[in-house]
Amino acid sequence: MSAEPADLTYRNPVLNADWSDPDVIRVGDDFYLTASSFGRVPGLPLLHSRDLVNWTLVGHALERLEPEAEFATPRHDCGVWAPALRHHGDRFWIFWGDPDQGIFQVNGPGIRGPWSRPLLVKAGKGLIDPCPLWDDETGEAYLVHAWAKSRSGVKNRLTGHRMHPHGTELLDEGKVIVDGDRIPGWFTLEGPKLYRHDGWFWILAPAGGVETGWQGAFRSRAFFGPYEEKVVLEQKDTGVNGPHQGGWVRTPSGEDWFLHFQQRGAYGRVVHLQPMRWDQEGWPVIGDDGAPVAVHRRPDPPAQPPAAPATDDDFPGGRPGRQWQWAANPRDGWATQHSADGLRLTCVRSADAHDLRALPHVLTQRLPGTPCTVEVDLRLDSEEPGARAGLAVLGDAYRWIGLQRDAGGAVHLVHRFAETVAERERDAAHPRPAPGGRARLRIDIGDGARCRFSYDTGDGLRPSGQVFAATPWRWVGALLGLVALAPSGRGHAGTATFTQFRIRIQEKRADQ
């Protein structure tokens, strides 16, 4: 690929954090993207771009997970799996699969809503990755979905349905339209996205697993098949493992592009943008003749100012920004609104105070996919013995640093961790006095999501404990978290105030 001026090119990933299972559409001159949110609330993030390279987070389509009682406690790898975003009939539509309940949809007149409450379109275990299609040529509507073997005992196949044009129900029992077991070498076929193009029904769907798989394309003259298949994107000799699951979008001038994810361990599933064209036989060609590109000419819409989903937060009025999500459906009283800046979290009493992974009142955001420094100021206002608050890196294993009030009334800087198999956390460093109940908390996150913790309690920045390698959950990347808690008991346990949350990305040199 010939060299081009830097301002005419972009570099992958275009979303360098865990925006899992992305789907993308264009409406007019605007591009919109949604992604899996699993058990975090609010769910179904909504991102906007004018050039497919620079994205901002503009809201969420799902205020609470339903049924609410099922998500009163953390279910980190459940909930919203692989949504499909579409625009039809002057409305935005999002369909997704909850592997334990079935296929849901919400819809709204604008990307910022108001969005409808979730409607269960098809109940059942293991129904995942649904995608609708309204066929403008015939007026018919269809839906395709995949299967989760963990819930249904079935995988590696795609099932198709006729759907009511209102998007409210399916009109048949469904038929297997692509059976991956019948395709030599294919396994774990999932994540279908359904399109109509050039007289064909198209299904773009990955297979082979998220770590090492490939992106496939299927086409048929009839929705229910038969379909022929072709691999259209794979790792080849690049460093992009398992280029996987995403969506096709066309610019106003007719350029075609494909957004997909790459699994990167603790960083989760980062999003890449690939050029796309059609060959002489009518098949899509994605990337550089089927291999992912690292740098490429920008899409033809005018380049926009650099932008990315927000990370920093001053918490004006005590409200967290859009980038934050609770670990489960929130309850009244977890955060207090007020007239100043700063996040005032209640030290929620819990019998699970020994394990942050079990707490619903942890406020989380995505771990950046590049080396960075995370800092926040903390003041512990609680007088309750055992009350504590801090900054965490959360996954199957976790570590946090913060403040705790002891039985004698003094506040100490504490640093704790829990291994993947551990049921309780342990000290990662000896507690140290924290005069005035204040501290500046810091995490330096290097390559490989290796985290170094430090603090400042008034006499300068000091390191704490050993290096911690962040770990993902099963399907979710590691998360940054803010938490305040207290042991079980009666009465209000006080609050903790977080201010000036900042993430500073470590810029790479031009020769890197």
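The first residue in the sequence is number 1, and the count goes up from there.
Ring centers of F38 and W475: at least 6.0 Å apart, outside the cut-off. Side-chain rings of H272 and H260 approach one another, their centers coming within less than 6.0 Å.
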Could you walk me through whether W324 and F501 satisfy the ring pair (Phe, Tyr, Trp, His ring centres under 6.0 Å) test, starting with their C-alpha distance in whole Å, then the side-chain angles of each, then the deciding distance to 0.1 Å, before giving a yes or no? CA-CA 12 Å; W324 297 97; F501 183 92; 4.9 Å; yes
Criterion salt bridge (Lys or Arg N to Asp or Glu O under 4.0 Å) on D355 and R424, from CA distance to verdict: CA-CA 6 Å; D355 188 350; R424 303 183 69 89; over 6 Å; no
Please assess D51 against R298 for the test salt bridge (Lys or Arg N to Asp or Glu O under 4.0 Å), listing each intermediate value before the final yes or no. CA-CA 8 Å; D51 62 2; R298 286 175 174 266; 3.7 Å; yes
Given salt bridge (Lys or Arg N to Asp or Glu O under 4.0 Å), test D289 with R277 step by step and report yes or no. CA-CA 9 Å; D289 288 328; R277 60 182 175 85; 2.7 Å; yes
Determine, stepwise, if the pair W200 / W283 fulfils ring pair (Phe, Tyr, Trp, His ring centres under 6.0 Å). CA-CA 11 Å; W200 297 88; W283 287 95; 7.6 Å; no
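Annotation: cation-pi pair R366/W19 present, NZ/CZ under 6.0 Å from the ring centroid and within 45° of its normal. Judged by the 6.0 Å distance and 45° axis criteria, R196 is positioned over the aromatic ring of F201.
Closest approach of W473 and D77 over heavy atoms only: CB-OD1, 3.5 Å.
Counted within 6.0 Å of CZ on R91, heavy atoms from surrounding residues, nucleotides or ligands total more than 12; the atom is thus considered enclosed. Annotation: R182, atom CZ; neighbour count of heavy atoms from other residues, nucleotides and ligands within 6.0 Å does not exceed 12. Within a 6.0 Å sphere centred on NZ of K149, heavy atoms belonging to other residues, nucleotides or ligands number 12 at most.
Below 30°, between 30° and 60°, or above 60°: for H145 and H161 the angle between ring planes is below 30°, a parallel geometry. Between H197 and W202, the ring planes lie tilted relative to each other; the angle falls in the 30° to 60° range. Between W214 and F187, the ring-plane angle classifies as perpendicular under the 30° and 60° cut-offs. Relative orientation of the W134 and H88 rings is parallel, given thresholds of 30° and 60° on the angle between their planes.
Scored by the side-chain hydrogen bond (donor to acceptor under 3.5 Å, both in side chains) test, D237 finds no partners at all (sequence neighbours excluded).
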